[in-house]
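Note that the structure is predicted; figures quoted are calculated from it, not measured. Basis for what follows: all heavy atoms, side chains included, without hydrogens, waters or symmetry-related copies.
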Amino acid sequence: MSRTSTAASLSATSPAATSPAATSPAAPDARAAAPRPLARIAALTCALFTATTALATTTEATATTTMAATTAAEATRHTKKRLARKKSIKRKLTRGQIAASAALAQLGVSFSWGGGSTKGPTLGIGRGAATRGFDCSGLTLYAWSRAGVRLSHYTGAQFRQGRRIARTARRAGDLLFFGGGGGDPTHVALYLGGGLMVHAPKTGDVVRTTSFLNSSYYRAVYRGAVRPG
């Protein structure tokens, strides 16, 4: 056999000649295809993390909204309770207490002869014409008007506009009368309790409180107590 024939025979039977890579250049590379499942897992993990984060954010927002609603509801309940307590306290006040409170709100207002009405201090008459304020019966008629009871603007008339109250039964708001001997009393005040009264004493003075039980003058001329209405 010639050298040329032998070389051709070896070339035909060479492994390189029968290699799949040589005969199938388009065949897929197994090493290049291997990373694809890992890429899918990474993508799924990322999607799962994103979904979990979104769910956590939504849950947190819902919890915050729920907490805010609960706080608002709690504040509303407290406000309603406070208003209910205030209304309850207001309902429990007697008319006398309302009158006494109204008179105390006028502390410091000038005495004015003939002054005072159901609306408050006014210019008086005579020596009180230039002064806005209350005289003794003007203060008591104003105070009791706040409690829904209308009184005359005269001490003697007020002495007969209610029922007489014993010393031991006096309550806040009761009218205390002084002076006048056997005729009409000449001065009236509102009882506060504990021996105190609020009144408009005289020209040149102002509405003030006085401990009449500690006053020798008022104790000596005390005429009694009346509860209007």
* Given the rule that I, L, V, M, F, W and Y join up when any side-chain heavy atoms are under 4.5 Å apart, are F159 and V198 in one cluster? -> yes

CG of L141 to SG of C136, rounded to nearest 0.5 Å, is 10.0 Å

Residue pairs passing the side-chain hydrogen bond (donor to acceptor under 3.5 Å, both in side chains) test with at least one member in residues 193-210, sequence neighbours excluded, are R127-T203, H187-H199, H199-T210, D205-R208

Q: Look at the side-chain heavy atoms of Ile, Leu, Val, Met, Phe, Trp and Tyr, link any pair under 4.5 Å apart, and say whether F178 and Y217 land in one connected group.
A: yes

Side-chain heavy-atom pair T155, F177 within 4.5 angstrom cut-off
yes

For W113 and I125, what are the C-alpha separation, side-chain angles and deciding distance, and is it a side chain to side chain contact (heavy atoms under 4.5 Å, CB included)? CA-CA 6 Å; W113 184 266; I125 58 175; 4.0 Å; yes

- request: Side-chain contact test, heavy atoms from C-beta onward, threshold under 4.5 Å: evaluate it for H153 versus D135 and give yes or no.
  value: yes

So CG of L192 and CG of L104: to nearest 0.5 Å the spacing works out to 5.0 Å

When every non-hydrogen atom of Q106 is compared with those of V207, the smallest separation belongs to O-CB, 3.4 Å

Residue pair L123 / T131, side-chain heavy-atom distance below 4.5 Å: no

Scanning both residues in full, the closest heavy-atom pair of A100 with G173 reads CB-N, 4.0 Å

Item to complete: Check whether any side-chain N or O of N214 sits under 3.5 Å from a backbone N or O of S211 as a donor-acceptor pair, and report yes or no.
Response: no

* Do the side chain of R223 and the main chain of G181 share a donor and acceptor less than 3.5 angstrom apart? -> yes

Open item on the list: Is any side-chain heavy atom of L176 closer than 4.5 Å to one of V226?
Closed with: no

task: Would you indicate whether the side-chain heavy atoms of W144 and I98 approach each other to under 4.5 Å?
output: no

Whether the side chain of S112 engages the backbone of G128 through a donor-acceptor N/O pair (distance < 3.5 Å, no angle test) should be reported. yes

Tell me if the CZ atom of R219 is crowded by more than 12 foreign heavy atoms within 6.0 Å. yes

Nearest heavy-atom approach of V109 to P121 is CG1-CB, 4.1 Å

- Item | Trace of the side chain to side chain contact (heavy atoms under 4.5 Å, CB included) decision for L213 with L196 | CA-CA 7 Å; L213 288 184; L196 287 175; over 6 Å; no

Cation-pi check, R170 to Y191: give yes when NZ or CZ is under 6.0 Å from the six-membered ring centre and within 45° of the ring axis, no otherwise.
yes

Exactly one of V188, L175, T118 clears side-chain contact (heavy atoms from CB on, under 4.5 Å) with L151, and that residue is L175

The complete set of side-chain hydrogen bond (donor to acceptor under 3.5 Å, both in side chains) pairs with one or both residues in residues 156-165, sequence neighbours excluded, reads T140-Q158, S152-Q161, R160-D184

Sorted by chain and residue number, the ring-ring contact (aromatic ring centres under 6.0 Å, His included) partners of Y142 (sequence neighbours excluded) come out as F134

